[in-house]
Each structure stands twice: as C-alpha cells, then as structure tokens.
2 protein chains.
Amino acid sequence: MVELETPQLNSIFHALGDATRRSMLQVLAEGERTVSQLAEPFDMSLAAASKHIKVLENAGLIRREVRWRTHVCHLEPSPLATAHDWLGHYENFWTNRLDILDRLLRDEDERAANSKKGNDK
Amino acid sequence: MVELETPQLNSIFHALGDATRRSMLQVLAEGERTVSQLAEPFDMSLAAASKHIKVLENAGLIRREVRWRTHVCHLEPSPLATAHDWLGHYENFWTNRLDILDRLLRDEDERAANSKKGNDK
DNA sequence: TTCTAATTCAACCATATTGTTGAATGTAGT
DNA sequence: ACTACATTCAACAATATGGTTGAATTAGAA
C-alpha cells in the first residue's frame, strides 16, 4: 500500500516543481480567481499562463467552473494532501533523530554481518 | 517569509516528480545503498540510473560518501521536510473545511465590495 | 448581425529531460 | 604493469516542457 498512487504523484509533484504554478496555487489559497486574474502577475502571454493552469488542472490541484464567459478556478486540496502524506511517510527522518540513528545502526549491523566480520572489537 | 526558498523547491519537487527517483528514496529509507544497488531494480542502464541519482543529489535529497571505490548514498531528510512544510501551509484546506468556507466567504465579501455593490440586500 | 472580451487552439521554436552506447576514470588486487 | 570493478563522462537521439504568435471559439451586448 506504499506506492499505489504513483501516476498521480508524478503529475502532482511535476506540477509543483514550477515557481509560476506554485505561485498560482498561493493566490488561489486566498480565494477563487479567473484565468486572466491568475495570469496577470506574470510576465508571459495569456496562452502560456493558460498552459500552466492546465497542468495544475490535470494534476487535480485546481478545478475550473465556467461561469459566464470567464473560467473561475479554485484550489482542490486533496492532491496536496496526497503529496503531503507521501512526504509524511519520511517524517521520522527529520523529526526523530533517534529513529534515523537507529536505522543507520541497524543497517550497519546488517552490512557488517553480510560482508566482512573481521573488524569488530 | 512565504516563498523565499523557491529555487530549492523547484529542484526538490522536480526530483520527486519521477517514480524511479521516488522509488530510490524509498529504498534509501531502509538504509544506505551503493549506486549499483540503487540501480539494480530498474530496467535501465547504469548511466541512466546514475543520472537519476545525480538529480536527487542536486536537490539535496541524498548525500554520497565515496567509500573505497563504491559510492554509498544515504537519505538527506531536510529537503523532504522543506517540501512537507510548504505543503503543510495548505493543510487547513483539507482538514478544516470551516476554514476554507471562511476564506471563500471573506473573498466573496471583498470581491463584492470591490466591483459592483448593487446586489446586496 | 456585429462587436467585444475571455479563453483556448495550432503551429512553431528553444531548451531540458531521459534514455542509449562506448570510452574514460580511479582504485584495489595480482 | 595488468586486470577487474564501480562509476562517470561524452555524444547522441527521442520526447517533454515552456514560451511565442495569430487564428478560432464562445457568448453576451449593441
């Protein structure tokens, strides 16, 4: 049950790997925005911004509601939660230093027993 | 203090956006591994795996210790924590539904006050 | 119908990414 | 000096990504 959601994670992390898109998400955290509102802060064509928005949409990070002739986007938090959960799987490694030490020592033992066992004591 | 770490996040999220690399991190969570050990499960050349490892290394997600003639890699948790923190910034959106409702309402008000104020009451 | 606005589509270009293969590097053992 | 091993480097190819511009779409307003 560890890596079943691989394809989702690919698109989610890929979408997050671009500063423009992360910035768009931050704006959307303050409330819904139209495509042109999302595009406005960036020094790029509307078509380019539209592509970024589509990447976010394909990753499931935002949803779009076609309202009148404008497309209103809003944050969809569940993929963020999925990514957050995946990272949380590693939480012990940065919070509980004893845990990582324990793992490293356990691994040392294993390797020592496996390869050469002449140097101990 | 919200988006100061942008360049790091670019490389971190980009590195995480590939299933091969995430899989390598999962193996490294069990203990250190050499380059060839990391490459072994994958149906690709050693050179290709070496490139993946370099991507992880450049993102700071792993560190490498040249031990004898083998390169031993181990997990470096801090960038994972950075990414986790960034995502945690959105935690309210998937845990506390009241919060998101609050935000949306606040935004509604703001927008209503800003554009046309003829429809209220 | 025609005008205008918001957005996408299509074609294109430059660069990045991911993979390949074969040669090069560095180091220990013989 | 030679061999064997672990890894990287270099050159190349295929595909993906991120940007551009100009035309197409869509739908209300005049």
Side-chain angles (χ1 to χ4, degrees), chain A residues 6-25 27-28 32-59 61-74 111 114-116 118-119, chain B residues 6-25 27-28 32-59 61-74 111 114-116 118-119:
Chain A
T6 292
Q8 295 179 49
L9 285 174
N10 281 353
S11 55
I12 294 168
F13 280 128
H14 169 252
L16 295 177
D18 181 281
T20 299
R21 292 191 287 262
R22 284 197 308 280
S23 186
M24 285 176 168
L25 289 181
V27 169
L28 287 175
E32 28 179 58
R33 293 289 188 276
T34 69
V35 167
S36 17
Q37 285 176 327
L38 280 176
E40 187 270 327
F42 303 104
D43 187 22
M44 67 178 64
S45 69
L46 202 55
S50 173
K51 285 188 191 176
H52 280 299
I53 292 170
K54 196 163 298 175
V55 170
L56 291 169
E57 200 178 11
N58 289 338
L61 287 161
I62 70 176
R63 275 193 311 186
R64 178 193 307 244
E65 187 188 342
V66 181
R67 202 141 81 192
W68 198 47
R69 70 183 155 190
T70 71
H71 297 199
V72 180
C73 305
H74 62 90
R111 284 163 36 80
N114 249 335
S115 50
K116 45 175 165 183
N119 205 6
Chain B
T6 290
Q8 295 180 50
L9 285 174
N10 281 352
S11 55
I12 295 169
F13 281 129
H14 169 251
L16 294 178
D18 180 282
T20 299
R21 292 192 286 262
R22 284 198 307 279
S23 185
M24 284 177 168
L25 289 181
V27 169
L28 287 174
E32 25 178 61
R33 295 287 189 276
T34 69
V35 167
S36 17
Q37 285 175 326
L38 280 177
E40 188 270 327
F42 303 104
D43 187 23
M44 68 178 65
S45 70
L46 201 55
S50 174
K51 286 187 190 175
H52 280 297
I53 291 169
K54 196 162 300 176
V55 170
L56 291 169
E57 201 179 10
N58 288 339
L61 287 161
I62 70 176
R63 275 192 313 185
R64 178 193 308 244
E65 188 187 342
V66 180
R67 201 141 81 193
W68 198 47
R69 70 181 154 191
T70 71
H71 296 198
V72 180
C73 304
H74 63 90
R111 281 160 40 79
N114 248 335
S115 50
K116 44 175 167 185
N119 204 7

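What you see below is based on every heavy atom in this structure, not just the backbone, and it leaves out hydrogens, waters and symmetry mates. To find a chain, count down the sequence lines: A is the first, B the second, and so on, and within it residues start at 1.
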Rounding to an integer number of Å, can you tell me how far [X] [atom1] sits from [N] [atom2]?
X: B:R69; N: D:dT3; atom1: CZ; atom2: P; value: 15 Å
X: A:R33; N: C:dA6; atom1: CZ; atom2: P; value: 16 Å
X: A:E57; N: C:dT8; atom1: CD; atom2: C1'; value: 12 Å
X: A:H14; N: C:dA16; atom1: NE2; atom2: P; value: 14 Å
X: A:N10; N: C:dT17; atom1: CG; atom2: C1'; value: 14 Å
X: B:D18; N: D:dA16; atom1: CG; atom2: C1'; value: 13 Å
X: B:I53; N: D:dT7; atom1: CD1; atom2: C1'; value: 10 Å
X: A:N58; N: D:dT17; atom1: CG; atom2: P; value: 11 Å

Give a yes/no answer on whether the side chain of A:K51 brings an N or O atom under 4.0 Å of OP1 or OP2 in C:dC9.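 False: A:K51 side-chain N/O out of range (4.0 Å or more) of C:dC9 OP1/OP2.
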
Whether A:R63 and A:E32 form a salt bridge (side-chain N of Lys/Arg under 4.0 Å from carboxylate O of Asp/Glu) is what I want to check.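 Answer for the salt bridge query: no.
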
May I ask you to say whether A:E57 pairs ionically with A:R64, meaning some side-chain N is under 4.0 Å from a carboxylate O?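 A salt bridge is present here (some side-chain N lies under 4.0 Å from a carboxylate O).
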
Compare every heavy atom of [Y] with every heavy atom of [X], then report the nearest pair and how far apart it is.
X: B:M44; Y: B:A48; result: SD-CB, 3.7 Å
X: B:N10; Y: A:A19; result: OD1-N, 3.4 Å
X: B:L28; Y: B:C73; result: CD2-O, 3.4 Å

Pull out every residue in residues 40-50 of chain B that has a heavy atom closer than 4.0 Å to any atom of DNA chain C, ordered by number, or say none.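 DNA chain C contact set from residues 40-50 of chain B: B:M44, B:S45, B:A47, B:A48.
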
To the nearest 0.5 Å, what is the distance between CZ (B:F13) and CD1 (A:I12)?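 It is 10.5 Å, given to the nearest 0.5 Å.
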
Straight-line distance of A:H14 NE2 to A:L9 CG, nearest 0.5 Å: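 Nearest 0.5 Å value for the NE2-CG distance: 14.0 Å.
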
Looking only at the side chain of B:H71 (C-beta and beyond, no hydrogens), which of the listed nucleotides C:dA6, D:dT8, D:dA6 gets closest?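 Nearest listed nucleotide: D:dT8.
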
When you get a sec, tell me which of C:dA5, C:dC9, D:dT7 is the closest nucleotide to the side chain of B:R64?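 The answer is D:dT7.
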
Taking for each residue the nucleotide of DNA chain D bearing the nearest heavy atom, is the 5' side occupied by B:W68 or by A:R21?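 Comparing both residues, the 5'-ward one is B:W68.
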
